[in-house]
Amino acid sequence: MNEDYDVVVIGSGPGGYVAAIRAAQLGLKTACVERRETLGGTCLNIGCIPSKALLHSSELYAEAMNGMNAHGIKLGSVELDLDAMLDHKSKVVKELTQGIEFLFRKNKVTSIYGHGRITGPGAVHVEGNDGTNRDLTTKNIIIATGSDVVPLPGIEVDEKRIVSSTGALALDSVPGHLVVVGAGYIGLELGTVWRRLGAKVTVVEFLDRITPGMDSEVAKQFQRLLSRQGLGFMLGTKVTSVDSSGDRLVVATEPAEGGDPETMKADVVLVAIGRRPYTEDLGLETVGLKTDNHGRIEVDANLATSIDGIYAIGDVIAGPMLAHKAEDEGVFLAERIAGQRPHINYEAIPAVIYTAPEVASVGSTEDDLKQAQISYNVGKFPFSANSRARATGNIDGFVKVLADAETDRLLGVHIIGEDAGTMIAEAALAIEFGASSEDLARTCHAHPTLEEAVKEAALAAHGLPLHI
Ligand code: FAD
Ligand code: NAI
């Protein structure tokens with residue numbers, strides 16, 4: 001069967017499905033090819049959504065276990081029904097992935113289930129999941145094939161006892177001891193889930209700090225708070241092997257700098273040392289497209305590759321591997337292909353870790369500014385001095401505002417605290433609009449809200465906080 005399109009998107013993750021919807025909305029005949037049985041990519045199927053469902057459920061459980069006494073609420077015995085918790089997660093995933101199918105129908109995007117392979121400029125072959133073969137011709141190809149787990153050499157993931165995030169989202173019992181390799185987004189979010197449900201959790205991190213890339217002052221506080229919740233950390237340490245021959249796993253570690261090896265027993269090991277672009281069997285060689293030394297497809301500022309009519313977005317190109325970054329690139333590219341002049345501000349992409357407390361940031365860190373020798377003012381405000389945080393009892397954390405010392409332009413905002421992920425939106429908006437820290441400080445904030453801490457941190461950047 002031959003079919004001709006204006007746009008063929010390969011991959012239906014947040015980059016691909018959003019690009020397809022916008023392209024179709026702008027009148028382009030669009031198809032989206034997906035090799036999974038369901039739409040939505042890593043994010044909806046095995047990433048953002050199932051992890052947030054489990055983070056929320058496990059937080060409710062932890063609160064019910066020990067968080068309500070201070071509020072005068074005594075509960076009887078609290079029991080974990082892990083099967084029901086996992087069912088809830090699966091139901092949410094099913095509803096949302098079906099939701100994308102609905103959006104495709106509504107916007108007249110053709111969904112094609114199967115492995116897409118570029119066979120030449122403007123040509124994509126699809127080996128259907130149902131055994132059929134289709135050849136698509138198109139004016140534009142958008143590669144949105146996302147990313148996959150970085151393996152740890154010599155350690156085979158079986159998704160049962162040695163797991164990636166995918167297996168860690170579906171363990172059928174709470175492990176006695178979970179060893180997490182990598183203190184990044186996945187290790188800390190999923191480590192937190194299983195800690196709350198009762199596992200002993202040890203996080204082994206190669207570097208001498210957690211969450212590289214995060215403002216280091218925030219990262220230190222984050223580690224302190226996670227340690228208080230019972231997560232154990234082995235920093236500056238590498239895992240050299242995992243022996244799975246016995247009833248329990250034996251994890252061998254060694255100081256990163258070299259030194260005496262140690263072993264520990266574990267029931268599950270989660271490998272979470274990063275993700276890498278996924279371009280397997282995509283046919284890049286048929287059009288002469290090469291990847292860089294990180295396996296990423298290289299694109300210019302318009303997300304165009306070196307081959308006419310072939311573009312790439314999301315995790316498969318450079319930049320933060322975040323769903324909202326992929327989505328914004330999807331919209332940008334569809335609009336660009338339709339002849340519009342859109343814009344993306346990579347300085348204003350927020351990042352959130354959904355632990356409790358949450359950690360959220362946008363713009364430069366203090367470490368970035370020091371390194372770039374930009375002079376800045378810093379304003380900080382602790383949630384312990386915020387009246388709403390006092391009322392709810394969630395007083396851990398602070399807001400940190402960084403502003404240019406000369407112009408007062410807002411350069412970065414970092415929040416560790418309850419609901420930080422929601423609060424970062426106003427900081428992203430402020431940075432997007434080129435606001436100063438004074439703009440933020442003079443904006444009226446409702447009382448009593450946690451957001452008042454953002455205003456106070458902005459006031460503190462001028463040395464004039466009101467409530468501390
Ligand atoms: P993907 O979502 O990876 O989608 C790519 C799709 O392409 C896949 O469905 C794949 O099957 C398909 N595909 C690949 N090759 C082919 C082919 N040849 N033919 C057909 N189809 C193909 N980000 C956040 O912003 N917030 C979060 O809370 C968050 N949580 C996460 C939690 C976990 C556990 C993980 C693993 C990731 C999380 N992320 C989160 C990251 C986020 O999932 C990714 O940044 C995002 O999914 C990238 O979108 P994408 O469209 O580039 O690719
Ligand atoms: P990550 O890049 O966030 O963290 C990996 C960690 O592993 C780093 O701290 C790194 O120093 C460490 N590491 C690397 N090699 C190691 C080794 N051999 N031994 C020990 N430690 C090692 O990667 P992660 O957690 O796998 O997540 C992948 C990506 O998925 C994230 O970078 C993020 O882009 C995305 N994600 C986003 C989430 C969110 O937005 N809330 C949640 C989960 C994932």
Side-chain angles (χ1 to χ4, degrees), residues 9-19 32-52 54-55 97 112-118 124-127 129 142-150 152-153 155 164-166 168-169 180-191 203-214 219 234-240 253 256 270-283 312-317 319-327 329-330 349-355 358-360 421:
V9 184
I10 307 180
S12 73
Y17 86 74
V18 165
C32 184
V33 183
E34 173 54 57
R35 65 206 290 274
R36 268 200 181 85
E37 303 291 322
T38 49
L39 302 175
T42 303
C43 174
L44 270 70
N45 289 282
I46 50 163
C48 324
I49 299 306
S51 60
K52 265 77 259 180
L54 284 186
L55 276 156
T97 53
I112 301 176
Y113 291 92
H115 183 93
R117 189 164 190 283
I118 299 170
V124 175
H125 177 79
V126 184
E127 205 177 308
N129 294 347
I142 299 181
I143 300 172
T145 49
S147 61
D148 199 3
V149 178
V150 170
L152 196 52
I155 296 170
S164 70
S165 50
T166 305
L169 288 165
V180 175
V181 192
Y185 282 73
I186 291 177
L188 299 180
E189 285 189 355
L190 296 181
V203 182
V204 183
E205 165 62 48
F206 187 79
L207 300 175
D208 60 3
R209 56 163 292 173
I210 66 167
T211 51
M214 180 186 284
M234 292 171 71
L235 300 185
T237 305
K238 59 185 175 192
V239 169
T240 50
T253 61
L270 163 59
V271 178
I273 59 168
R275 294 182 61 83
R276 60 182 183 189
Y278 182 81
T279 54
E280 221 164 279
D281 196 21
L282 188 55
I313 56 175
D315 281 10
V316 79
I317 65 168
M321 288 184 163
L322 296 172
H324 41 282
K325 177 258 192 189
E327 287 190 38
E329 288 178 339
I349 296 178
V352 182
I353 302 187
Y354 296 87
T355 44
E358 291 180 347
V359 188

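Numbering of residues begins at 1 and proceeds along the displayed sequence. Ligands are counted one by one from 1 in listed order, and the atoms in each one are counted from 1 as well.
With distances taken over non-hydrogen atoms, the option nearest atom 21 (N) of ligand 2 out of Tyr354, Phe206, Tyr185 is Phe206. Relative to atom 19 (N) of ligand 2, the option among Val181, Asp208, Leu322 with the closest non-hydrogen atom is Val181.
Residues Phe206 and Val239 have side chains not in contact (no heavy-atom distance under 4.5 Å, counting atoms from C-beta outward). Side-chain contact between Leu235 and Ile210 is present, with heavy atoms from C-beta onward closer than 4.5 Å. For the pair Arg36 and Ser12, the minimum side-chain heavy-atom distance is 4.5 Å or more. Looking at Arg275 and Thr42, their side chains come closer than 4.5 Å, going by heavy atoms from C-beta outward.
The backbone N or O of Ile49 lies less than 3.5 Å from no partner atom in the side chain of Ser51, so there is not a single donor-acceptor pair. Asn129 places a side-chain N or O within donor-acceptor distance of the main-chain N or O of Arg35, the cut-off being under 3.5 Å. In terms of modelled atom types and a separation under 3.5 Å, the side chain of Thr145 and the main chain of Gly11 share no donor-acceptor contact. Counting only distance, with no hydrogens or angles, the side chain of Glu329 and the backbone of Gly314 share a donor-acceptor pair below 3.5 Å.
Proximity of Val150 to ligand 2, defined as any heavy-atom pair under 4.0 Å, is not found for any part of the residue. With a heavy-atom cut-off of 4.0 Å, Leu152 touches ligand 2 through its side chain alone.
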>> I'd like to know whether Val181 forms a side chain to side chain contact (heavy atoms under 4.5 Å, CB included) with Ile155, so could you lay out the CA-CA distance, the side-chain angles of the two residues, the decisive distance to 0.1 Å, and finally the verdict.
In response: CA-CA 11 Å; Val181 192; Ile155 296 170; over 6 Å; no
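Residue Val239 has no N or O atom closer than 3.5 Å to an N or O atom of ligand 2. Ligand 2 has a nitrogen or oxygen under 3.5 angstrom from a nitrogen or oxygen of Glu189.
Nearest heavy-atom pair across Lys325 and Pro320 is CD-O, 3.3 Å.
Within the structure, the closest approach of Pro320 to ligand 2 does not fall below 4.0 Å when heavy atoms are considered.
For the atom pair CG of Asn45 and OG1 of Thr38, the computed distance is 3.5 Å after rounding to the nearest 0.5 Å. To the nearest 0.5 Å, atoms OH (Tyr185) and CG (Leu190) are separated by 14.0 Å. Between atom CE of residue Met214 and atom CG of residue Leu188 there is a gap of 8.0 Å, rounded to the nearest 0.5 Å.
Looking only at heavy atoms of the protein, atom 2 (O) of ligand 2 is closest to Gly274 CA, 4.1 Å. When hydrogens are left out, the protein atom nearest atom 11 (O) of ligand 2 is Glu205 OE2, 2.6 Å; that is the closest non-hydrogen contact. The protein heavy-atom contact nearest to atom 28 (C) of ligand 2 is Arg275 CG, 3.6 Å. The protein heavy atom nearest to atom 33 (C) of ligand 2 is Met321 O, 3.5 Å. In terms of protein heavy-atom proximity, atom 17 (C) of ligand 2 is closest to Ile273 CG2, 3.8 Å. Distance from atom 7 (O) of ligand 2 to its nearest protein heavy atom, with residue and atom name: Gly182 CA, 3.3 Å. Scanning the protein heavy atoms around atom 1 (P) of ligand 2, the nearest turns out to be Gly184 CA, 4.1 Å. Of the protein's non-hydrogen atoms, Ile186 CG1, 3.4 Å is the one closest to atom 44 (C) of ligand 2.
Of all the atoms in ligand 2, the ones that sit under 4.0 Å from a non-hydrogen atom of Pro212 are 8 (C), 9 (O), 11 (O). Atoms of ligand 2 found under 4.0 Å from any heavy atom of Val352 (numbered from 1 in listed order, with element): 39 (C), 40 (O), 41 (N). Less than 4.0 angstrom separates some heavy atom of Leu207 from each of these atoms of ligand 2: 11 (O).
For Val18, the side chain to side chain contact (heavy atoms under 4.5 Å, CB included) partners two or more places apart in sequence, or in a different chain, are Glu327, Val331.
Residues of the protein with a heavy atom under 4.0 Å from ligand 1 are Ile10, Gly11, Ser12, Gly13, Pro14, Gly15, Gly16, Val33, Glu34, Arg35, Arg36, Gly41, Thr42, Cys43, Ile46, Gly47, Cys48, Ser51, Lys52, Gly114, His115, Gly116, Ala144, Thr145, Gly146, Ser147, Ser165, Ile186, Arg275, Tyr278, Leu282, Gly314, Asp315, Met321, Leu322, Ala323, His324, Ala326, Tyr354, listed by chain and number.
Electrostatic pairing of Glu189 and Lys52 counts as a salt bridge here, judged by a charged N lying under 4.0 Å from a carboxylate O.
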